[in-house]
Amino acid sequence: MPESGERRMIVRARVVATMDGAPIENGAIAIFGDRIIDVGKFSELSARYSGQEIIDLGEQALLPGLINAHCHLDYTCLRGKIPGQKSFTDWIRAINMEKSKLSPQDYIASIKEGFAEAKQFGTTTIANLTAFPELIRQLPDTPIRTWWFAELIDVRSPNRTNELVDSAIESLKPAQNYGLAPHALFTASKNLYQRCEEAGKNVLLTTHLAESREEMEMFRDGSGLLYEFMENIGRDMGDCGHETALGLFVGTPGGRALPKRWIIAHLNELTESDFKLLEKVKTRFHVVHSPRSHDYFDHSPFQSERLRRLGFNICLGTDSLASNESLSLFAEMPAFQRSHPEISPEKIFEMVTVNPASALGQQNTLGRIRRGFRADLIAIPCREGGDLFGQIVAFDGEVDWIMVNGRTQRIQSTCG
Ligand SMILES: [Zn+2]
């Protein structure tokens, strides 16, 4: 991530959407080093900090940098390589086939390309799952703020789970922010989930849960394509045929414990009994929905409002380019809006700013434009009049201006 300098400046734009009260027309932000030190009308700030360098962005909306709550930059190079499959299980076979052709150098190139693309679309913070945490030391300077999650699978070697977790944590240590990601209930053992939970209170946790109909069939009914695939590779199927995936995750007795720090990707496939369980669970975890990946797989409708009313924090993520076309959260917002027209553009924008900041435990430093917060900012063109958040959600393309950690970044287009 860019190191902050000692630079002081005022950034002015036609409007500032702070996500911390009403948008400010003819607004400005004062920045010192990596922090926002003041926010208000340009007239007030330019008087209060006279003589400071002024960056005038003109007819733009100045916004908090976007936060991608779930992606796998490992697979940026798989864009367009996996056409829609008949089943989720076929997709797993197809991605495994593609992965077998890739070397560590390919993965490093893929991750770097992913960072550059995410940045050009205005993402300043990313929650990135990697299946190769040992490569992190070769990527010391990420261009945006990064939470590295080691994605862990022990289905083929259930006797080496402890070793797997210990070596992942060793590999993650050079990263500033990190967490663990037992992949999913069908690939990670109960012991693996427990070891991840015991890894320390500052270690964030994420997992994929209730993503596909086939996962539901496998756990609830003990049948289906995913069941057969997993049984064939030697998985112990004793936990199948009794409960839904969610039931297995939060249910008692014998369910995985559920401290608040879990960030759960997907939750597409939930039964009525699952919703009853969710009403009862004591902790309200964070949920990441990936609208375009959801459409690619044609999963069941995502019950965003129902989950939100129960108190779950809904965030958006791109997931990987093995099931999506780009790493643009600006493309996820309209995709979400198409299937949830009842949700306001402002609430949708919260799903890529305020909500994921909270999922990462950064509700006091990221996701809003507020005094004391990190200077992670972006700007997009903005017309006078009309609904500001409607314009933000409808925006399509690369951002004009970006600042990460108080440093203005050059956007290098990698498209086309
Ligand atoms: Zn994922």
Side-chain angles (χ1 to χ4, degrees), residues 67-79 81-82 84-85 87-96 98-99 102 107 110-111 114-115 117-118 123 125-133 146-155 168 178-188 192-193 196 204-216 226 245-246 249 262-269 285-300 302 314-329 331-332 335-336 351-352 355-356 359-360:
I67 303 174
N68 189 342
H70 182 87
C71 75
H72 309 249
L73 298 183
D74 292 351
Y75 309 128
T76 307
C77 61
L78 297 187
R79 179 184 352 238
K81 293 266 169 66
I82 306 178
Q85 301 288 313
S87 71
F88 184 71
T89 308
D90 284 343
W91 179 84
I92 293 176
R93 281 198 187 90
I95 190 174
N96 284 345
E98 290 297 331
K99 281 159 69 174
L102 300 174
Y107 283 116
S110 195
I111 293 167
F115 276 128
E117 177 169 327
T123 299
T125 294
I126 203 160
N128 182 43
L129 283 69
T130 178
F132 310 98
T146 305
W147 265 259
W148 289 99
F149 288 89
E151 185 174 63
L152 304 174
I153 289 179
D154 67 346
V155 69
Y178 64 83
L180 295 169
H183 169 254
L185 289 181
F186 54 89
T187 50
L192 176 49
Y193 275 87
C196 290
L204 295 183
L205 298 173
T206 190
T207 192
H208 300 88
L209 186 68
E211 179 172 6
S212 66
R213 292 183 189 91
E214 285 153 73
E215 184 182 347
M216 172 67 86
L226 188 61
L246 183 90
F249 191 72
W262 278 99
I263 302 168
I264 306 289
H266 306 313
L267 288 192
N268 296 315
E269 306 295 334
F285 44 83
H286 313 281
V287 179
V288 190
H289 176 53
S290 298
R292 289 183 298 161
S293 175
H294 176 279
D295 293 349
Y296 169 96
F297 286 113
D298 195 24
H299 296 310
S300 299
F302 177 64
I314 314 290
C315 313
L316 298 184
T318 58
D319 218 332
S320 85
L321 296 194
S323 60
N324 200 353
E325 293 164 358
S326 77
L327 295 167
S328 172
L329 289 166
E332 298 302 338
F336 180 82
M351 294 178 190
V352 296
N355 299 2
L360 295 171

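For ligands, and for the atoms within them, numbers begin at 1 and follow the listed sequence.
- For a distance bound of 2.8 Å, the N, O or S atoms of Cys71 include none lying that close to the Zn ion (ligand 1).
- Just one residue in the list Arg79, Glu117, Arg292 forms a side-chain hydrogen bond (donor to acceptor under 3.5 Å, both in side chains) with Ser326, and that residue is Arg292.
- Residue His266 does not count as close to the Zn ion (ligand 1), with no N, O or S atom under 2.8 Å.
- Angle subtended at the Zn ion (ligand 1) by Asp319 OD1 and His72 NE2: 80°, rounded to 10 degrees.
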Fill in: Chi angles and distances behind the salt bridge (Lys or Arg N to Asp or Glu O under 4.0 Å) call for Arg93, Asp90
CA-CA 5 Å; Arg93 281 198 187 90; Asp90 284 343; 3.1 Å; yes

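- Test Asp319, Thr318, Asn128, Thr130 against His72 for side-chain hydrogen bond (donor to acceptor under 3.5 Å, both in side chains) and you get one pass: Asp319.
- Note: His266 and His299 have tilted aromatic rings, judged against thresholds of 30 and 60 degrees for the angle between ring planes.
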